[in-house]
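Chain A is the first sequence line, chain B the second, and so forth, proteins listed ahead of strands; every chain is numbered from 1.
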Amino acid sequence: MHELPKHYDHAAAQKRCRELWDAGQFWHAEPDGDRPAFSVVIPPPNVTGALHLGHALNNTLQDILVRTRRMQGFNTLWMPGTDHAGIATQAVVERRLLEEEQQSRHDLGREKLVERIWAWKEQYETRILGQLRDLGASCDWDRTRFTLDEQCGRAVRETFFRLFKQGLVRRGKRLVNWDTFLQTAVSDDEVFHEEVKGHFWHIRYDVIDPLPGEPTEVAVATTRPETLLGDTAVAVHPDPAAALDAVEAELRTKLAAASAKERPQIEQECADIASRRDAVLPLLVTLAEMARAGRRVRLPLLNREIPLVADEWAKPELGSGCVKITPAHDPNDYEVGLRQNLPMLNILNPDGTLNAEAGTYQGLTIRQARTRVVADLDAAGQLLQVEDRLIELAHSDRSKTPIEPYLADQWFIRMADLADPALAAVNDGTITIHPPRYAKSYLDWLGEKRDWPVSRQLWWGHQIPIWHVADVTEPDLKAAFGDREDVAWTAAGDSPETGLPGTWFVCATTESLGLETIAGQPLTRDPDVLDTWFSSALWPHSTLGWPEATPELATFYPTTTLVTSRDIITLWVARMVIMGLFNTGEFPFHAVAIHPKILDRYGETMSKSKGNGVDPLDIIDLLGADALRFGMASMATETQDVRMPVEFQCPTCSTRIDQTTANRTKPRIECPKCHEAFRTQWATTAEDLALPRGSAVSERFESGRNFSNKLWNATRFVLMHLEGYHARELVTEGTPADNLPLEDRWLLSRLATVTAEVTTAIDGYHFAEAARILYAFAWDEYCSAYLELCKSRLADPDNRDGARRMLLLGLDTILRLLHPIMPFVTEEIWQHLGHAVADRRCPWDSECVASAVMIASWPTPSAAWRDAVTEERFNTFLAVVSGIREIRARQNVPPKTVIDVAIRCAATTMDLLEPMQAAIASMASCNLTGLGPETAGAPGAAETTAAGCDLFIDLADLIDVNAEIERISRDLEKLTGLIKAKRGKLANDKFTARAPAAVVEKERSQLAEFEHAAEKQGAALNALRQRQAST
RNA sequence: GGGCAGCUAGCUCAGUUGGUUAGAGCGCCACGUUCACACCGUGGAGGUCACAGGUUCGAAUCCUGUGCUGCCCACCA
């Protein structure tokens, strides 16, 4: 019989387990049709950098589901891969290029830059996949994909082509977030807003040749005065009176429903409207008439004449009621420009300087132009007023420079029709979202059916499969492409915003069209790439081989469950639903499980730039992958996000130092205990880098590490006692035999109950509950209760085998149930157990036990094992043991001292406790001197009650009378309070009349129990007082 | 501005359809290392369940309101 070392060595175990699983390729799935399939696609991590704790959480939960289903016999596939992450990756590589080589991407050129990014991708993909394996993720590594690989590329082109052919692709102007530093558009989620002090400038535009009775000027206001250089109109509401009425009517409705607190503010707003009727309405009415008459105003500084237009975008209830229109630099103004057929003047160069449209301001930066424009307006007497104002200014997350809104040609996908089935799928429960409240953000967002802008002015990504050609006719195109099915075209003129007669957009499913020109005109590939979410949207089917009709697609699509975090429900989940259905006719998954986000001790999201993150590998190194996973599972509750206080661990003395806002961005920290310094992620100087690195960890993973060790030692105990054990079937199905000891029937019942509870919890994505149930069962019941109980049986050769059999059954079952959460320690133990008793067999093993717990079958204990009465009786026994232990502890009785205990209890309880006498004696280190209804305590014995029994503990000279009096008095006081409350409750006729009988009965019996206990305590107290008096 | 959460022990969190004396882990206190495990054992202390009303025989749980915190979306001439 081999003996295990005292401590579980997680590093060695992880290595051995991975080798074992890889050798057997237990994670590999083939599309064999017989078994039901269970499939999951990984949310592909970005190749921008290494994995963080959020990924660890996401992938732990997926692996729990996947390992559970695999053990349950499903044909289980977990598809791994990574995401090319467009802008994010390109920005990282560009930044390095600039820092290390002082080169911009334009210096390098498109091809060279993309090569560099591929090199980066290779490096990080390797690292990410390695981290996933370190975490224990049981992905099908043979199938690893990348959103920019050739297979995904084919799917992307095919999808775009189909959309194009169905007229769902359009080209239009869109205001993009222009990063003037990187000279690229960035998406909304790569923009952060920061409140800065700014101004609100009121500017006067003069009316050209005012007629009598007309105003000579209009006032407009802006926070961006330089944009007036791009103004092409001033708008006023076409019917300001009606508009004011409508606003007021809305306010009245709101007022009627308002709370007392909101009321004054709304009343104030109503008053403002009323005063506007006198103050500005007549002017606005005149201006509206003037707009209709085609009157014009003079744009200050540039002296351009621009029209006054009547448009509902101008709100008579705000400001002057007039608004300047800059169609090329503001999204709302752009809409006005379209409606009013206004010119769109782009005044910006890509580098953020002003172009020729800005006249004398050409060449200035935005900032310089603003200063000049304001000064010039002031000098010209056109500046009416300047207010200070706080402005939410958009900044690029990548370059940290202010974003300029910039109008550019973009490709869009029309969502109006595509969105409907995706909405219906969630509304009618075809796709379920857990927890259900997250369905709302999905439905709200999709419900808007906003067109999806899919083009990006980047070099890293799937290049849009569109070619432009000008000055050709449709017959030219037909002649060039004949009846090719992989090519389609549309006249650019069909896109009224951008089209020129004779220009065409040609779309193809192939990387190249195979020709350079049509009728002598060059075909030019559109330089833009697709939004990174476009390829992500295809992930569930593109990874399975679509558009080919592969066996994988037939077997594993639709996938079963998607596990992700809530911030990408709209960006990713909704789009997968839409594109999955569009391409395959089926939704990509049946269920979406949303998990929480991990925050730091201040409730802030973790990020590398804040310095409050934790590297999962640090946790894995220090505490083990299972500890990390157990911690993650425990945190995955469904109600809220999780706060995780982070600590630095001193590499010299292992002291933990709280990570705070003050120290988290320091390059070096000195340990307050050993005074040795260590470096952090911020270290840059050679001196700092030479220091040992301090890991960022969290105590929240320690219970997982401790749990691993507990299981390890329980195993150690079991293996130590297997000498001479002959392996056999561990237990048979069906109702347990009556002659089994109480504790064995209890264990069987608990195994059945716990298995059912854990299975249900995992099925419902209640990961934290599953973790908690298993922890409590394995630790408190299996180790603290059952294993302790077995000690006396194991010492008795006649009883030994029964105990061993049940110990093995319990351990074996715990390992299986816990394997999805803690795969390494359970596998390592399984292997050791296999050496000792390879041919043990559980009822749920059809033949012999599996060679690895990873491929063992999930327990399915017979329902007949469950026995609520036995569980309750066993708790009585445990309560008696606790009662004795409590007195011992109170009285400071040394553990080695055996004390005499007598138990007075009802006859039924006596029957129960009789066979447990040896167990009570060993677990409470006592000698049972009496048991039964007639038992009495020795004179002067300490007395307590537990589970309806009176316990007399003969402490003889050991007792501390004063302490005991104090304790009993306190208990009695507490009991008196409880009794009073219960009596009051039961005296209430309404309670007894209306509450369910069972509840009333429970209260009654409880009261009786309390009263009995109080009586005993009272008597004991008196006895003690007498004793105190007599000494 | 709209929406969604959260507020329970010193800290981080559970608490299923209202019904035991509201739980766990960590931390804390006391005692304890021959006998699986000090990454441990035994016992203990610690909570007006954010606040105010309401419904109910009974509220951490349901309703209304208030406060604070966080997140998402929209908007900001």
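C13(B) atom C1' lies 10 Å from atom CE of Met635(A), rounded to whole Å. Rounded to whole Å, atom C1' of C37(B) lies 15 Å from atom OH of Tyr8(A). We find that CD1 of Ile899(A) is positioned 12 Å from C1' of U42(B), with the value rounded to whole Å. Distance Lys449(A) NZ to C73(B) P: 21 Å, rounded to the nearest Å. In this structure, Trp712(A) places its CH2 atom 14 Å from C1' of C39(B), rounding to the nearest Å. C11(B) atom P lies 15 Å from atom CD of Glu647(A), rounded to whole Å. One interatomic measurement links the two molecules: CG of Leu599(A) to P of U69(B), which rounds to 16 Å at whole-angstrom precision. In this structure, the CD1 atom of Ile569(A) is 18 Å from the P atom of G3(B), given to the nearest Å.
Nucleic acid contact class of Lys324(A) (heavy atoms, under 4.0 Å, all strands): none. Backbone-only engagement by Trp313(A) is indicated by non-hydrogen atom pairs under 4.0 Å involving sugar-phosphate atoms exclusively. Using a 4.0 Å heavy-atom distance criterion, His766(A) is classed as making no nucleic acid contact. Nucleic acid contact for Arg450(A): sugar-phosphate only, since backbone atoms but no base atoms lie under 4.0 Å from a heavy atom of the residue. Nucleic acid contact class of Arg224(A) (heavy atoms, under 4.0 Å, all strands): none. Residue Val642(A) is classed as a sugar-phosphate contact, given heavy-atom separations below 4.0 Å to backbone atoms only. Contact annotation for Ser708(A): no contact, since no heavy-atom pair falls under 4.0 Å across all strands. Among the heavy atoms of the strands lying under 4.0 Å from Lys315(A) is at least one base atom, whether or not backbone atoms are also near. Within 4.0 Å of Asn332(A), counting heavy atoms only, lie sugar-phosphate atoms of the nucleic acid but no base atom.
Under 4.0 angstrom from either OP1 or OP2 of C31(B) there lies no side-chain N or O belonging to Arg888(A). Under 4.0 angstrom from either OP1 or OP2 of G43(B) there lies at least one side-chain N or O belonging to Ser882(A). In this model, the phosphate group of A14(B) is approached by a side-chain N or O of Thr637(A) to a distance below 4.0 Å at OP1 or OP2. Phosphate contact (OP1/OP2 of A38(B), side-chain N/O of Asn709(A), threshold under 4.0 Å): absent. For the pair Lys710(A) and G41(B), the criterion of a side-chain N or O lying under 4.0 Å from OP1 or OP2 is met.
Side-chain rings of Phe630(A) and Phe701(A) stay apart, their centers remaining 6.0 Å or farther from each other. Taking the six-membered ring for Trp and the full ring otherwise, the centers of His202(A) and Phe200(A) sit less than 6.0 Å from each other. A distance of 6.0 Å or more separates the ring centres of His10(A) and Trp712(A).
A donor and an acceptor atom sit less than 3.5 Å apart, one in the side chain of Arg705(A) and one in the base of C39(B).
There is a side-chain donor-acceptor pair under 3.5 Å between Thr326(A) and Lys324(A). Judged purely by distance below 3.5 Å, without hydrogens or angles, the side chains of Glu647(A) and Ser698(A) never pair a donor atom with an acceptor atom. Looking only at atom types and distance, the side chain of Tyr205(A) has a donor-acceptor partner in the side chain of Asp231(A) under 3.5 Å away.
Taking the C1' atom of each, C28(B) and U56(B) are spaced 40 Å apart, rounded to whole Å. Atom name P, nucleotides A50(B) and C11(B): the rounded distance is 14 Å, in whole Å. For the C1' atoms, the distance linking C39(B) with G23(B) amounts to 24 Å, nearest Å. Rounded to the nearest Å, the gap between the P atom of G15(B) and that of G6(B) is 10 Å. Comparing A14(B) with A24(B), their P atoms are spaced 16 Å from each other, to the whole Å. Rounded to the nearest Å, the gap between the C1' atom of G18(B) and that of U33(B) is 48 Å. Remark: the separation of the P atoms in G10(B) and G47(B) is 7 Å, to the nearest Å. Straight-line distance between the P atoms of U61(B) and G54(B): roughly 14 Å, to the nearest whole Å.
Leu228(A) and Pro300(A) make their closest contact through CD1-O, 3.7 Å (heavy atoms, listed as atom of the first residue, atom of the second, distance). Ala768(A) and Ser634(A) make their closest contact through CB-O, 3.3 Å (heavy atoms, listed as atom of the first residue, atom of the second, distance).
Put simply, the side chain of Asp626(A) gets close to the backbone of Phe824(A): a donor and an acceptor are under 3.5 Å apart. Proximity of a side-chain donor or acceptor of Arg804(A) to a complementary backbone N or O of His721(A) within less than 3.5 Å is detected. Side chain of Arg888(A) to main chain of Ser925(A): a donor-acceptor pair is present (N/O by atom type, distance under 3.5 Å, no hydrogens or angles).
Stem analysis of RNA chain B (at least three stacked-register Watson-Crick or G-U pairs, each with both distances under 3.5 Å) gives B:1-7 with B:67-73, B:10-13 with B:23-26, B:28-32 with B:40-44, B:50-54 with B:62-66.
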Identify each atom pair where a protein N or O and an N or O of nucleotides 19-22 of chain B are less than 3.5 Å apart, giving names and distance.
unit_1 : atom_1 : unit_2     : atom_2 : d
U20(B) : O3'    : Gln1006(A) : OE1    : 3.2
U20(B) : O2     : Gln1006(A) : NE2    : 3.2
U21(B) : OP1    : Lys982(A)  : NZ     : 2.2
U21(B) : OP1    : Gln1006(A) : OE1    : 3.4
U21(B) : OP2    : Lys982(A)  : NZ     : 2.8

Would you list the protein and nucleotides 24-28 of chain B atom pairs, both N or O, that sit under 3.5 Å from each other?
unit_1 : atom_1 : unit_2    : atom_2 : d
C26(B) : O2'    : Glu699(A) : OE1    : 3.3

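Ranked by how close their nearest RNA chain B nucleotide is to the 5' end, Ser634(A) and Arg885(A) are led by Ser634(A). Comparing Lys990(A) and Phe717(A) by the nucleotide of RNA chain B that holds the closest heavy atom to each, the one mapping nearer the 5' end is Phe717(A).
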Worked verdict on Arg656(A) versus Glu702(A) for salt bridge (Lys or Arg N to Asp or Glu O under 4.0 Å): CA-CA 13 Å; Arg656(A) 301 279 176 82; Glu702(A) 286 194 4; 2.9 Å; yes
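Gln340(A) CD to Asp333(A) CG: the interatomic distance, rounded to the nearest 0.5 Å, is 11.5 Å.
For His7(A), whose side chain is taken as the heavy atoms from C-beta onward, the closest listed nucleotide among A38(B), C4(B), C71(B) is A38(B). Among the nucleotides U42(B), A36(B), U69(B), the one closest to any side-chain atom of Ser784(A) is U42(B).
A salt bridge does not link Glu757(A) to Arg772(A): none of the charged side-chain nitrogens sits closer than 4.0 Å to a carboxylate oxygen.
Screening Tyr775(A), Tyr782(A), Phe777(A) for a ring pair (Phe, Tyr, Trp, His ring centres under 6.0 Å) involving Phe707(A) leaves a single residue, Tyr775(A).
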